[in-house]
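Okay, so here's the structure we're looking at.
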There are 2 protein chains.
Amino acid sequence: MANQSNGASAISRAVRILEAFSYEAPFLTLTEIAQRSGIPLSSTQRIVTELVGHQLLERMPDRSYRMGNRLWELGTRTPGAIGLREIALPYMHAVQARVRQHVQLSVRSNLDVLVIERISARDAVVNASIVGGRIPLQHSAGGILLLAAAGDEVLRGVLRRGLQPLTPDGIQNEAELRHAIATAEREGYAIASGRIFSGSRGLAVPVRGVQGVVVGTLTIVEPNDESSPMPRIELLRRAAAGVSEALVRSYLPPGHPDAPPGGAYRSLVRSSESSMEYLEHLLPPLAVR
Amino acid sequence: MANQSNGASAISRAVRILEAFSYEAPFLTLTEIAQRSGIPLSSTQRIVTELVGHQLLERMPDRSYRMGNRLWELGTRTPGAIGLREIALPYMHAVQARVRQHVQLSVRSNLDVLVIERISARDAVVNASIVGGRIPLQHSAGGILLLAAAGDEVLRGVLRRGLQPLTPDGIQNEAELRHAIATAEREGYAIASGRIFSGSRGLAVPVRGVQGVVVGTLTIVEPNDESSPMPRIELLRRAAAGVSEALVRSYLPPGHPDAPPGGAYRSLVRSSESSMEYLEHLLPPLAVR
DNA sequence: ATCTTCCTCCCGTTCAACGGAAGGTTCAAC
DNA sequence: GTTGAACCTTCCGTTGAACGGGAGGAAGAT
């Protein structure tokens with residue numbers, strides 16, 4: 001015998017099981033789930049069966065499991081990420097139509113950058129990010145901006161975790177990190193050259209919501225060549241200004257003629273529009289290269 | 001005394017709480033959550049606190065809660081919906097560039113159509129669907145196709161739930177539903193005129209994966225006018241064929257030179273491409289109106 | 001036919017979950 | 001400043017849902 005439970009709540013176990021799945025391993029057998037989550041097989045079986053019942057997991061014909069549609073559906077109701085995404089999408093398309101590279105929208109999630117949307121070109125440079133993926137704040141241009149906006153506690157968290165540079169050009173120590181943050185704050189944009197891959201760099205500007213608070217960043221990932229990135233920074237700035245304006249406008253409608261202080265985010269507009277003239281209209285012509 | 005638990009598992013309670021949030025009510029206070037989910041306040045408090053710890057919920061400065069980024073992130077790992085979405089997106093853009101209306105991608109989730117992606121024009125007709133939203137199968141053109149592909153048990157489920165037509169043009173009885181399904185099967189497309197709103201109609205074609213199995217549908221929602229929808233059906237057909245081909249191709253890479261029978265869906269390609277020439281390339285010019 | 005791997009079910013034990021109630025906190029109105 | 005109402009947090013004794021080892025069953029490989 002000796003079957004006392006081990007101090008983990010049912011919910012945390014369920015989350016552990018869900019998190020066993022990843023982009024690299026989207027299909028797992030029961031045994032694999034048990035191993036990855038460190039939960040005994042029979043308990044795993046019980047919880048997994050319940051999750052399948054709720055359609056948070058789905059069983060495939062070959063008996064493996066994958067994440068269920070309901071999970072995706074619930075995620076879809078997340079207003080923070082999704083509201084911003086829908087508002088930013090047309091602007092991202094407009095940017096992408098001018099620079100044929102990756103254009104990304106990210107927010108901060110704890111100590112990481114969380115990529116909310118990405119639009120890519122076929123011939124764009126290699127890029128570590130995928131939608132729904134995470135990158136430690138210190139590695140990315142957008143992360144530096146988000147770090148600058150987040151305040152000291154988050155910075156301490158990043159330092160505590162360790163900088164772990166990915167390339168020789170990565171940020172090696174606290175002084176370099178603080179310098180990068182100060183520069184980003186002063187200039188209002190960030191450039192990260194070869195910090196993730198030597199051949200690419202990220203250009204990022206902040207996206208601001210009500211009262212100028214930084215809610216995310218727009219990023220271009222492009223080849224790390226000799227060309228000046230400044231025209232593209234300017235393009236990003238205009239796009240971010242457009243997104244901010246649309247975002248702030250989206251806060252108002254539900255009755256109040258002005259932004260209510262307590263419940264400003266209680267309503268978000270969803271509308272993804274798309275057509276070339278419309279994109280032209282969003283971002284007037286501008287030489288970017 | 002008298003505090004026995006009431007027969008609901010912790011996980012099902014957590015799900016009930018998450019499902020209290022919706023597109024219409026993305027921000028809820030603790031009391032509202034308790035009311036909507038029917039769980040006693042103090043229990044709600046305990047579970048909600050735990051969910052916040054896992055970042056499945058997030059607490060706002062005004063003490064209300066919303067869904068957390070982690071939930072969105074987990075949903076992102078759902079390969080079924082997301083893999084298909086990423087593959088279909090460029091084709092959807094290509095269709096949208098020609099018909100200035102709503103273009104939607106949906107899959108079946110139980111007895112409902114689940115809208116995975118939607119691209120809209122500013123001046124498009126009214127449309128009930130939102131991304132992540134559900135519509136009972138019998139109400140939509142795509143739903144009829146998915147119903148045709150799903151087999152008898154699902155059909156029985158729909159009949160058991162009741163048809164509940166939304167308009168006078170909606171499907172009123174079993175005979176009409178069976179007729180619509182038979183027609184869709186014979187023709188390979190479905191048209192639903194005024195079944196959701198009198199002023200609009202849906203045109204849908206199936207998207208097929210390996211071995212021709214229907215994995216979803218592409219739909220155009222357009223004004224319910226006198227024009228013949230056939231050119232747009234043809235456009236959808238070509239787009240669906242392109243998606244199917246890209247989808248089937250995406251199953252193969254991970255080693256095997258041919259589709260492995262047991263683990264065909266073990267890998268999915270993610271890449272969203274976008275540029276006008278590319279869209280032109282995907283779908284050759286075609287008069288649609 | 002045999003072996004291995006993976007899965008399902010059973011069941012006695014126990015502790016995490018349960019929720020009523022009491023006490024705080026917040027905010028607005030007057 | 002005071003009052004009141006709405007909303008939230010914490011406490012704690014009770015208890016049944018969750019727990020997991022183990023036996024037995026499927027499925028697939030050799």
Side-chain angles (χ1 to χ4, degrees), chain A residues 1-18 20-21 25 27-54 56-66 255-256 258-266, chain B residues 1-18 20-21 25 27-54 56-66 255-256 259-264 266:
Chain A
M1 23 229 67
N3 295 19
Q4 76 275 29
S5 64
N6 64 354
S9 78
I11 291 175
S12 70
R13 283 156 168 258
V15 173
R16 284 240 298 289
I17 284 177
L18 293 177
F21 292 82
F27 293 88
L28 299 174
T29 65
L30 186 61
T31 309
E32 284 170 333
I33 296 171
Q35 282 168 354
R36 281 169 172 257
S37 59
I39 297 171
L41 182 64
S42 58
S43 298
T44 303
Q45 206 266 347
R46 190 166 22 79
I47 299 170
V48 160
T49 302
E50 180 157 17
L51 293 175
V52 169
H54 293 292
L56 300 183
L57 288 180
E58 193 176 322
R59 187 141 211 200
M60 308 307 295
D62 70 350
R63 314 245 231 125
S64 65
Y65 295 89
R66 75 170 184 199
H256 309 260
D258 249 51
Y265 19 62
R266 290 243 171 188
Chain B
M1 45 222 46
N3 295 19
Q4 76 275 29
S5 63
N6 62 355
S9 78
I11 291 175
S12 71
R13 281 155 169 258
V15 173
R16 284 240 298 287
I17 284 177
L18 292 177
F21 293 83
F27 294 88
L28 297 175
T29 67
L30 187 61
T31 308
E32 286 170 332
I33 296 172
Q35 282 167 353
R36 282 168 173 258
S37 59
I39 297 171
L41 182 64
S42 58
S43 299
T44 302
Q45 206 268 347
R46 189 165 23 80
I47 298 171
V48 161
T49 302
E50 179 157 16
L51 292 174
V52 169
H54 292 293
L56 300 184
L57 288 180
E58 194 177 325
R59 187 142 213 196
M60 307 308 294
D62 70 349
R63 314 242 238 130
S64 65
Y65 295 88
R66 74 169 185 200
H256 310 261
R266 290 239 170 190

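Chain A is the first sequence line, chain B the second, and so forth, proteins listed ahead of strands; every chain is numbered from 1.
Under the 3.5 Å distance criterion, the side-chain polar atoms of A/S64 are left unmatched by any main-chain donor or acceptor of A/M60.
Taking for each of A/I11 and A/S42 the nucleotide of DNA chain C with the nearest heavy atom, the 5'-most of the two is the partner of A/S42. Ranked by how close their nearest DNA chain C nucleotide is to the 5' end, A/Q45 and B/A10 are led by A/Q45. Nearest-nucleotide positions on DNA chain D place A/I47 closer to the 5' end than the other of A/R63 and A/I47.
Counting to the nearest Å, the C1' atom of D/dC19 and the CZ atom of A/R16 are 14 Å from each other. In this structure, CD of A/Q35 is placed 12 Å from P of C/dT5, rounded to the nearest angstrom. Going from atom CZ of B/R46 over to atom P of C/dG19 covers 7 Å, rounded to whole Å.
Put simply, A/R59 has a side-chain N or O that comes within less than 4.0 Å of OP1 or OP2 on C/dT8. A sub-4.0 Å separation between OP1 or OP2 of C/dG19 and a side-chain N or O of B/R13 is present.
As judged by a 4.0 angstrom heavy-atom cut-off over every strand, A/T31 is placed among residues touching the sugar-phosphate backbone only.
When A/I47, A/L18, A/L28, A/T49 are each tested for a side chain to side chain contact (heavy atoms under 4.5 Å, CB included) with A/L57, only one passes: A/L18.
Each of C/dC7, D/dC8, D/dA18 was ranked by its minimum atom distance to the side chain of B/L41; first place goes to D/dC8. Listed candidates were C/dG20, D/dT9, C/dT8. Nearest to the side chain of A/Y65 is C/dT8.
Across all strands shown, D/dA23 is found opposite C/dT8 as a Watson-Crick or G-U wobble partner, with both distances under 3.5 Å.
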